[in-house]
Each structure stands twice: as C-alpha cells, then as structure tokens.
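Right, one structure below, let's go through it.
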Amino acid sequence: MSPSYTELAQFAQQLPDWAQQLGLQQLGISGIELDHAETQLNAWLARHYHGEMDYMARHGTKRSRPAELVPDTLRVISVRMDYLPAPLAQLKTRLENPHHANISCYAQGRDYHKVLRQRLKQLALRITEAVGEHQWRVFTDSAPVLEKPLAVQAGLGWIGKHTNLIHPRAGSLFFLGELYTDLPLPIAEHEHANHCGRCQACIDICPTQAIIAPYQLDARRCISYLTIELHGDIPEELRPLIGNRIYGCDDCQLVCPWNRFAQLTTCADFLPRQNLDNSSLIALFQWTEAEFLSKTEGSPIRRIGYERWLRNLAVALGNAPSLPEIRAVLQARLNDDSEMVQRHVAWAWQRHDL
C-alpha cells in the first residue's frame, strides 16, 4: 500500500536530518516544472555560448523535463555539500603567486561525483526502508539535469550574476546533487529572492570577461571551459588572460561577498591530495604521463588527460615571469609528441625568448 499524504508529509520533515547525518549540508524538495529555465537554456544554446559542450544540447528536452529523463518522476530532492578546503584568504594568496599552479579548489581532492553520488544512494536506500519500494535515480553533474534551477525551486538559494547558486548563509562553494523520485512528496513554499543587488564584483573580476552581462555566461571565454571542456587549442588572444590557472577558475566566487559565509568542508575527501594546492608550474609540467595518471587517480583532473594537462601548464608558464628554469622545461618540450602541446609550448617559449 502506498503511503498516505499525511505519512509522506511527516516523512518529508525527516529528510533534512537524514541528509545531515550523511554529511550533506542541506536538502530541499521541488516539483519538476522548469518552463522558464528551459526557455533560458534554449536561448543560451541558440547563441552558441556552450561552445564545444555539445552534450548541453544533445538530449533535447530531457534536461529541462525530468519525467522525460526518468519516466514517472514527480519530485526532485536536491542536496548541497560544502567543498571549501581552505580559508578564502589563503586561496587568494596562492592565486597571486604567478609561479604557483592554481587549480580550482573543488578539484584538489577526490572526485566529487563519486563522493556525492554515494551519499545520495545511501539516502535513497534509507527512503526505501522507510516508505517501501519507489522509483529513484541519483545524479551528480553526470546527466542532463538542470540542477541549479531545481535547487532554486527546492529552496537552496538563488542563481547569482556569475550563474552559480548562492545560499545566503553558505555562499556558493558547494556541490549539488539530485534524487529523482516518483514519490508525491509535499513541496514547501520557498522565498526565491535574489540578493545580488547592485553588486557586480564577479563580472568585474572575471579575467576573460566571460560574464558578458548579469546572469549570462559565454562559456567559450570562461577559463573553466578553456582548461577543462575545450579539447583543442586555447585561443591565443585568451591565453595571456588565463594567468596561472591550469584547471578551472575560482575568481568569481572568491570575490563574491556572500562567500564570507562559506564553510570549510567537513569531508576529508575534498581536502587537497598530491600537494595540488601548493605545487609550482615547473614541477607539474615535469610530470611524466605515468605520474599524471598515478597522481590524478580518483581526481576530477584525470578527465582532461595528459595532453590537455600539458597544454594548460604551457600557457601558464608562458604567463609567468621569466626564469631560467621555465625556459629550460619549455625547451625540453618544444618537440613534444603532441602537436597541440608543441604549439602551446612554442607560444610560451616565444614569450620568454627575449
């Protein structure tokens, strides 16, 4: 027998506590109506702001219509999990050192997909124990899901001018995950007020001016896209703007005033591994492919592969103040096996060959 509405309402009140017991900082429940978000997505795609991220358009309306992705879905349970590994001031100091290899702080530890997905599965199994068999599926940035609009509807915050989700008491340095279910859980009313106001610190700080207007991101200019999603050559006109950022970019979040409320992660998996928070560009550029594969095991960085890793480091070395050691490591790779790496190393070499 299916649980009654009253039983579901009582059960739904327990879910936030269950989430916290699993190390998740917040949980909310939403419906599946995403008409406005679908219109915004289609307009963004029509302007080709997604660049080479063909997967953003590949699945048609499944991304904005949850019941098309998972038939019979009635509700989405959204959760967030903090990942900030160190105080913001410390992250800013490292970014200011041009010889330091700057990796987005979310990627310095274990792959968040695995961590968050496992906790969502535990939550789903606990729900099954409580209410009986139900259809469910969990997602963590791993399928066509409009996670930020769903999180807004679930009461987890608002989407800021940098297009990231912001919570008024936790900032924006957290991961999102979703549990699709066919349970008709009650949906609470949420206040979705936007508190960005006149602030445009994120727009002003963006090194490549990828935030072309409030709430509009041209991913083709975003450093996270250029260093992670882009498979080919980084456009030459953007290379000098990338600085020492070799995997992702945190600038728009580091400057956001709401992140003064960001909490340090309580999850050891998100703490830096392999000294990725404190390595020089030269040291990482000297990794062999075997070292790259070994030291990025279990890390989201592995997804870009060794060739793009070297490409990104070559650009950063080209932006660093000249040192004999930099010229030496660049010269050693002028004839790299990868033609793409060769082109980026040659560009960097020219910037030091004064």
Side-chain angles (χ1 to χ4, degrees), residues 1-33 66-67 69-70 72-85 106 109-143 145-158 165-192 261-271:
M1 179 182 297
S2 299
S4 67
Y5 180 84
T6 300
E7 290 171 327
L8 285 175
Q10 294 173 342
F11 161 73
Q13 292 179 355
Q14 302 178 62
L15 288 179
D17 290 336
W18 290 3
Q20 291 192 356
Q21 291 166 16
L22 291 170
L24 305 168
Q25 274 66 58
Q26 191 179 10
L27 176 148
I29 302 169
S30 74
I32 58 173
E33 295 72 30
L69 180 63
V70 182
D72 299 322
T73 295
L74 295 177
R75 299 288 187 267
V76 176
I77 298 173
S78 292
V79 301
R80 65 173 183 85
M81 188 174 184
D82 297 334
Y83 66 74
L84 181 63
Y106 85 85
R110 187 178 178 216
D111 190 341
Y112 66 95
H113 296 88
K114 300 174 183 177
V115 177
L116 192 45
R117 187 182 299 121
Q118 183 58 37
R119 299 186 187 215
L120 279 167
K121 286 182 178 178
Q122 292 178 42
L123 178 63
L125 293 174
R126 186 163 181 182
I127 292 173
T128 300
E129 291 177 2
V131 301
E133 288 297 326
H134 66 107
Q135 180 173 288
W136 58 270
R137 186 172 169 187
V138 300
F139 300 101
T140 311
D141 191 25
S142 56
V145 174
L146 284 179
E147 59 180 12
K148 286 180 283 190
L150 285 168
V152 170
Q153 292 187 185
L156 302 192
W158 75 92
L165 192 78
I166 302 174
H167 187 279
R169 294 186 302 280
S172 62
L173 295 160
F174 49 75
F175 299 122
L176 293 173
E178 299 77 38
L179 194 162
Y180 282 26
T181 179
D182 63 352
L183 290 173
L185 298 168
I187 303 172
E189 291 295 324
H190 297 293
E191 175 59 48
H192 305 315
F261 300 117
Q263 300 295 309
L264 293 176
T265 183
T266 58
C267 178
D269 282 324
F270 297 151
L271 297 179

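Positions are given from 1 along the sequence.
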L120 side, atom CG; Q122 side, atom CD - distance, nearest 0.5 Å: 9.5 Å
Mind running side chain to side chain contact (heavy atoms under 4.5 Å, CB included) on L15 and I127 for me, showing each step along the way? CA-CA 8 Å; L15 288 179; I127 292 173; 3.9 Å; yes
Scanning both residues in full, the closest heavy-atom pair of L264 with P85 reads CD2-C, 4.1 Å
With a 4.5 Å limit on heavy-atom distance, are the side chains of L179 and V79 in contact? no
Candidate list T140, V145, L165, test side-chain contact (heavy atoms from CB on, under 4.5 Å), partner L176, passing option: L165
Does the side chain of H167 reach to within under 4.5 Å of the side chain of Q25, using non-hydrogen atoms? no
Between F139 and V76, is any pair of side-chain heavy atoms under 4.5 Å apart? no
Between CD1 on residue I29 and CG on residue L150, distance to nearest 0.5 Å: 13.0 Å
To the nearest 0.5 Å, tell me how far T181 OG1 sits from W136 CH2. 10.0 Å
Between Q26 (side chain only) and L24 (backbone N and O only), is there a donor and an acceptor less than 3.5 Å apart? no
Minimum heavy-atom distance V115-C267, with the two atoms named: CG1-SG, 4.1 Å
Measure the spacing between CE of M81 and CG of D269 and express it to the nearest 0.5 Å. 7.5 Å
Under 4.5 Å between any side-chain heavy atoms of D182 and V70, yes or no? no
Quick one: does R80's side chain have a donor or acceptor within less than 3.5 Å of a partner on F174's backbone? no
Ignoring hydrogens, what is the shortest heavy-atom contact between E178 and S78? Give both atom names and the distance. CG-OG, 4.1 Å
Working to the nearest 0.5 angstrom, can you tell me the gap between T73 OG1 and I32 CD1? 6.5 Å
At their closest point, which heavy atom of L74 faces which heavy atom of L183, and how far apart are they? CB-O, 4.2 Å
Are L8 and P186 close enough that some pair of their side-chain heavy atoms sits under 4.5 Å apart? yes
State which residues pass ring pair (Phe, Tyr, Trp, His ring centres under 6.0 Å) with Y112; sequence neighbours excluded, sorted by chain then number. Y106, F175
State, with a plain yes or no, whether a side-chain heavy atom of T128 is found less than 4.5 Å away from one of H134. yes
Going by heavy atoms in the side chains, are F11 and V131 under 4.5 Å from each other? yes
If you define the side chain from C-beta out and look only at heavy atoms, does anything of R117 sit under 4.5 Å from K121? yes
Passes side chain to side chain contact (heavy atoms under 4.5 Å, CB included), L27 versus L123? Steps please. CA-CA 11 Å; L27 176 148; L123 178 63; 3.8 Å; yes
Nearest heavy-atom pair of I187 and S30: which atoms, and what distance? CD1-C, 3.8 Å
Taking all non-hydrogen atoms of both residues, which atom of T265 and which atom of F270 are closest, and how far apart? OG1-CD1, 3.6 Å
